[in-house]
Amino acid sequence: MIPVEFDYLAPASVEEALAALGEHGDDAKILAGGQSLLPVLRMRLNAPEVVIDLGGIASLRGIRDDGDALVIGAMTTHHDVRDDSLVREHALLLSKAAAEVADSQIRHRGTFGGALAHADPAGDLGAPALALGAQFVIAGPGGTRTVEAADFFVDLFETAIGDDEILTEVRIPKHTGWGAHYEKFVRVAHQWPIVAVAATVRGSIDEARVGLTNMGSTPLRATATEQALAGASATEDGVRAAADLASDGTNPPSDLNGAADYRQHLARVLTGRAVLKAAGA
Amino acid sequence: MTATQDRPAAEIGKDRRRKEDQRLITGRTRWTDNITLPGMLHLAMVRSPFAHATITSVDTEAAKASKNVVTVLSGKDFGEELGVCINAWPITPDQKTPGHSPMPADRVAFAGEIVAVVVARSAAAARDAAELVDVEYDELPAVVGIKKALEDEVLAHPDLGTNKSALWVFDSQDAGTGGEVEAAIEEARNGGIVIEREYRQQRLIPAFMEPRSVVVDPTGEQLTMWSATQIPHILRFALAATTGVPESKIRVIAPDVGGGFGGKLQATPEEWIAWAVARRLMKPVKYTETRSESLMAAHHGRDQVQTLTLAADKDGKVTALRVHLDADLGAYVAIVGGGVPVLGAFMFNAIYKFPAYRFECQTVLTNTTFTDAYRGAGRPEATYAIERLMDELAAEVGVDPLEIRERNWITHEEFPFTTVAGLEYDTGNYEAATAKAKESFGYDELRREQAERRERGDRVQLGIGVSTFTEMCGLAPSRVLGSLDYGAGGWENASVRMTPLGKVEVVTGASAHGQGHETAFSQIVADRLGVPFEDVEVLHGDTQVAPKGLDTYGSRSLVVGGEALVKAVDKVIDKAKVLAAHLLEANADDLEYSGGRFTVRGTDQGMGIQELSTATFAGHDYPDGMELSLDADATYDPVNFNYPHGTHLCAMEVDTETGAVKMRKYTCCDDIGTIINPLIVAGQVHGGLVQGIAQALWEEAVHDESGTLVSGSFVDYLLPTAADTISFDVVHTDEPSICTTNSLGTKGVGEAGTIASTPAVVNAVVDAVRHLGVNDIQMPCTPERVWRAIHAHDGDAPTPQAAMPHFEEGALNQDEGAGQ
Ligand SMILES: Cc1cc2nc3c(=O)[nH]c(=O)nc-3n(C[C@H](O)[C@H](O)[C@H](O)COP(=O)(O)OP(=O)(O)OC[C@H]3O[C@@H](n4cnc5c(N)ncnc54)[C@H](O)[C@@H]3O)c2cc1C
């Protein structure tokens with residue numbers, strides 16, 4: 001289908017992009033990899049007058065080591081996140097989850113920042129980012145601020161990023177040497193998850209972080225499960241009680257792929273599996 | 001002249017790569033949407049968001065004022081010249097058939113129906129303006145779903161007074177082909193076995209790769225329509241019949257077409273609107289649908305509730321089958337919409353010797369997208385029902401599902417065999433296909449593994465599904481179609497033209513849209529005429545080039561069109577013989593034809609067909625009385641359908657904790673008579689299997705209660721990709737059962753995989769969890785449905801016996817899917 005006509009801007013710096021956003025306000029939309037925005041425009045679910053493409057801003061791309069954290073530029077593609085050696089070493093969970101996003105073509109176009117800013121509750125990167133305690137660096141007219149993961153995801157397709165702001169980078173506290181697994185449950189390979197569980201563990205099991213995808217209007221963290229896992233043994237019996245807590249407090253959707261109670265059941269089963277695989281059991 | 005001796009001995013049976021693939025794969029061809037004509041205008045359709053509503057006003061002012069818009073037309077702007085969408089197969093004389101205007105002026109009957117068309121100088125301008133057309137509707141109650149339609153409380157078309165369109169009945173006692181069904185069922189209730197089931201064939205969307213597209217050029221003497229269609233000939237006929245343009249003034253071209261699967265076997269509102277607009281404005285126009293429009297408004301397939309009663313004696317020998325279908329036509333009776341479920345009438349009895357059979361098909365109208373042919377058309381539905389039932393019977397008797405089939409099937413010595421549905425199966429060998437499939441599959445070993453997994457209560461259970469299918473295909477004998485009140489014949493036409501330099505142009509009335517006719521037909525001609533494969537050019541899909549034909553569907557192109565071609569080639573040889581005798585100064589009776597050459601018996605004198613073609617062109621020396629042409633055409637109307645069959649075996653793993661299913665192995669042994677090109681057959685089988693597997697596991701078109709298509713994009717309508725399938729084990733019998741009603745001995749294979757695979761997969765899934773109290777899972781077998789089936793009886797009384805009636809309200813197989 002054909003989108004409504006729009007103007008296209010390609011700023012060369014974050015400052016220019018912010019200025020353009022300031023000028024056009026509500027009528028403008030940021031374009032990252034376009035893998036979510038373009039379908040929305042083509043189906044005419046949104047009709048911005050101006051599209052501001054961040055693709056030409058080199059500083060938004062890439063992954064760097066910043067002491068106790070990794071810093072991932074918003075425009076880094078899923079493919080690069082998945083393949084990066086720093087990510088594998090210090091935030092293996094992100095690499096595993098990025099590998100599960102869509103298919104290879106989309107992973108080469110779609111971006112880490114775009115996916116998180118889009119905030120689809122079925123998106124694969126929110127739960128891992130939340131579980132790893134990511135911090136979101138957001139630039140706006142008044143400068144830059146940092147938002148904790150817990151405050152970043154507000155609702156369905158809604159984040160802490162303001163209309164006049166841009167997500168520039170994401171800081172991921174290092175989880176060096178932690179085992180990780182992203183257990184994604186789908187009916188066909190190219191599908192968004194019906195439910196997915198992001199788990200990363202230290203030792204087997206000293207400490208655990210567990211995030212849930214598509215179990216509510218935002219990514220969720222299974223804190224009760226995490227607590228119960230500390231000191232648990234990495235066996236089916238050892239993690240069962242903790243996994244059974246994973247669906248507590250969740251509010252998943254009901255749709256053609258499954259009713260809410262089925263999704264809650266899946267969350268419990270998949271949590272057990274994800275944790276065991278993360279622990280290498 | 002090309003040397004014929006370089007040609008390999010036999011083209012038939014050779015794995016020729018498809019000659020059309022290079023251009024199709026690289027896109028170096030012209031699809032309808034690539035056609036651009038001088039001064040061409042673009043159309044965008046305005047579609048109803050409501051499933052049922054009165055149109056109270058259509059305000060086109062803003063749209064007309066929009067940039068680059070030429071005009072905007074709604075239903076009331078057209079008269080008779082708009083024509084109607086036809087139903088070519090009224091299944092009963094009293095069938096209720098709602099009038100089907102391409103663009104109704106007063107009332108819409110499904111969501112997606114067209115209410116106005118915008119004509120603009122670019123596709124983008126047309127699309128922009130379409131949003132500005134302001135249509136006011138008075139919403140009417142919509143009827144969605146077969147059960148609701150049967151209640152006749154809310155009517156899809158209030159003026160018809162009912163949603164019931166037609167009831168078509170076949171009874172073996174009345175037809176004299178078998179006994180009385182009721183008596184046999186009663187007898188089985190006392191001491192025998194009666195299996196009663198209700199199965200649902202969910203609605204599917206054909207989802208061809210190339211969206212539908214149409215270009216109409218009204219300039220010049222003939223009006224030309226290019227359309228991404230399977231049926232250029234039928235389109236020409238229908239345009240002439242309904243829009244008042246003489247046939248001789250109409251040229252329809254189906255250029256390369258990107259798939260159809262029955263979904264492009266339709267005379268569509270979009271084509272008729274483009275035709276009317278082009279004629280009105282006297283300008284070329286183009287319309288190409290979006291994928292969303294395609295999913296919503298191109299015809300859907302399947303959608304039946306099947307109420308089935310199978311009777312058998314206590315050893316599992318079948319004694320009767322009673323079938324009642326309720327089939328959802330959607331909002332209109334589409335071109336062959338009513339006939340599709342009726343085609344199943346002849347196939348429910350399948351390969352088995354039922355002494356008594358009754359079939360009823362009740363078609364109903366609803367406020368949803370109209371339904372029509374989809375790969376297999378009527379036969380997959382029938383095959384699913386009977387093959388599922390045979391597995392249930394095996395479970396009831398307590399024997400292997402292959403054993404129960406063997407007790408009931410027609411043995412190879414019994415052919416030709418007249419079935420209880422009145423068809424004569426010419427040849428077949430179910431024993432051979434089954435033995436070969438079993439061996440290749442490793443049946444016994446997988447059964448052992450299944451037993452072990454059950455024994456140890458493995459989280460992942462294994463199931464084995466069987467489908468021993470047959471089908472009727474190669475549509476078909478014109479007289480039989482006539483007796484079914486089908487609006488056309490089933491013959492096919494071919495002509496062979498010898499060019500001056502000895503090349504061969506073959507014209508066929510079949511209209512390929514991805515099947516590989518060009519390659520297979522070239523192989524047939526290469527062998528029969530003795531010319532190199534490369535020298536044969538196959539032309540099709542343009543009524544000016546191929547004026548006669550009935551197009552491509554129903555696995556008919558090779559078995560009907562290929563046979564017409566053989567007959568045309570034989571005529572060419574006969575004509576050439578007269579000239580050869582003259583030029584070789586020999587008696588025609590002394591000539592032999594082989595390898596493309598006439599030789600005088602007992603001498604080394606001879607002449608090639610290609611030389612004779614040049615000699616005919618020159619016309620310098622030929623016998624008196626000979627018409628100076630070697631070209632010939634032939635029409636072939638078969639005396640019977642043909643009956644491919646096969647044994648398909650499928651192993652599925654079921655994760656009992658999540659309900660997820662995974663295919664472990666799939667073996668099929670199809671007996672399709674003579675194989676012209678094994679590579680093309682493998683392609684048809686692989687693709688067909690995936691489409692059938694997709695019905696079992698993934699695809700389902702869902703309308704909500706108000707008639708909105710919920711599965712309106714590929715996010716919700718799940719099509720599989722290569723990543724979701726395994727490598728299939730495709731084998732054939734060592735000695736195929738050659739078809740006796742055509743000279744090539746071929747049987748159709750275009751639909752076989754789709755027909756056979758669906759029940760094989762569902763049987764396997766059910767088999768994996770039968771010991772947990774499951775005897776049915778509604779299609780598609782989503783993980784959720786499988787999981788719920790496994791846990792349906794948690795904490796309940798034990799499962800009801802498999803043979804108990806299952807027709808109560810709210811039975812598992814009537815769940816309409818969760819969370820809608
Ligand atoms: C067929 C298909 C399958 C897919 N399957 C999956 C899947 O399985 N799992 C999954 O997680 N995702 C999937 N996706 C989505 C994919 O991951 C997208 O890449 C991602 O959701 C959006 O990233 P993008 O870079 O393409 O962003 P865009 O589409 O360009 O933008 C998305 C939104 O975020 C905003 N935005 C982007 N960048 C910024 C920024 N720096 N600051 C502020 N706002 C910003 C845009 O304005 C827009 O609203 C799929 C997409 C497709 C097309």
Side-chain angles (χ1 to χ4, degrees), chain A residues 1-6 35-36 39-47 100 102-106 120 122-123 183-197 214 236 240 243-244 252-274 276, chain B residues 42 44 67 122-128 130-131 211 288-294 459 655-662 693-694 697-702 704 710-725 780-788 791 815-820:
Chain A
M1 216 163 136
I2 306 163
V4 173
E5 222 173 76
F6 54 80
Q35 298 306 295
S36 295
V40 164
L41 298 189
R42 284 161 59 89
M43 295 177 102
R44 297 196 171 212
L45 300 173
N46 199 328
E100 296 292 322
D103 55 39
S104 176
Q105 286 96 322
I106 289 165
D120 183 340
E183 183 82 14
K184 178 170 173 173
F185 192 81
V186 287
R187 291 174 55 205
V188 294
H190 58 277
Q191 210 183 358
W192 273 266
I194 296 170
V195 174
V197 178
N214 215 14
E236 280 200 27
R240 184 167 299 122
D244 281 347
S254 284
D255 59 27
L256 294 180
N257 287 313
D261 67 325
Y262 174 63
R263 281 191 158 91
Q264 289 182 321
H265 165 77
L266 281 181
R268 294 188 288 270
V269 173
L270 302 180
T271 296
R273 292 183 186 179
L276 287 179
Chain B
H42 298 263
K67 205 164 79 181
S122 73
R127 182 45 53 205
D128 285 347
E131 310 229 312
T288 300
E289 68 183 355
T290 64
R291 182 60 71 183
S292 310
E293 289 179 292
S294 189
R459 193 181 80 198
D655 181 335
T656 55
E657 272 178 20
T658 62
V661 300
K662 193 167 146 222
I693 294 166
L697 299 180
W698 298 303
E699 295 182 30
E700 178 168 31
V702 180
D704 67 14
V710 180
S711 50
S713 83
F714 286 146
V715 172
D716 294 306
Y717 190 83
L718 290 192
L719 286 185
T721 65
D724 302 301
T725 55
C781 300
T782 63
E784 181 181 25
R785 285 187 179 135
V786 174
W787 178 75
R788 288 198 195 281
H791 296 281
D815 121 53
E816 290 279 314
Q820 287 163 41

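Note: hydrogens, waters and symmetry copies are ignored here, and every other heavy atom, side chains too, is used. Below, chain A is the first sequence line, B the second, and so on; all start at residue 1.
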Scored by heavy-atom pairs under 4.5 Å with chain B, the best of Met43(A), Glu5(A), Arg44(A) is Arg44(A)
Honestly, the part of Arg273(A) sitting under 4.5 Å from a heavy atom of chain B is side chain
Interface check, chain A: of Asp716(B), Leu719(B), Val661(B), most non-hydrogen pairs under 4.5 Å belong to Leu719(B)
After noting the C-alpha distance and the side-chain angles of Val710(B) and Asp255(A), does the key distance pass the side-chain contact (heavy atoms from CB on, under 4.5 Å) rule? CA-CA 10 Å; Val710(B) 180; Asp255(A) 59 27; over 6 Å; no
Counting heavy-atom pairs under 4.5 angstrom with chain A, the leader among Leu697(B), Thr721(B), Val715(B), Leu718(B) is Leu718(B)
Greatest number of non-hydrogen atom pairs under 4.5 angstrom with chain A, of Ala723(B), Ala124(B), Pro783(B), falls to Pro783(B)
Problem set entry | Sub-4.5 Å side-chain heavy-atom contact between Leu256(A) and Glu784(B) | no
Bottom line for Ala123(B): the part with an atom under 4.5 Å from chain A's heavy atoms is both
Q. Do the side chains of Asp724(B) and Gln191(A) get nearer than 4.5 Å, heavy atoms only?
A. no
If one checks every heavy atom of Arg42(A) against chain B at 4.5 Å, the contacting part turns out to be neither
To the nearest 0.5 Å, atom OG1 of Thr290(B) lies from atom CD1 of Ile2(A) at 9.5 Å
Discussion item. Please check this pair: side chain of Arg187(A) against backbone of Trp698(B), looking for a donor-acceptor N/O pair closer than 3.5 Å.
Written reply: yes
Whatever's closer than 4.5 Å to a heavy atom in chain A on Thr658(B) counts as both
Note: Arg788(B) and Asp261(A) closest approach over all heavy atoms is NH2-OD1, 2.6 Å
Between His265(A) and Glu657(B), the two heavy atoms sitting closest are NE2-O, 2.6 Å
The interface call for Glu289(B) against chain A, heavy-atom contacts under 4.5 Å, is neither
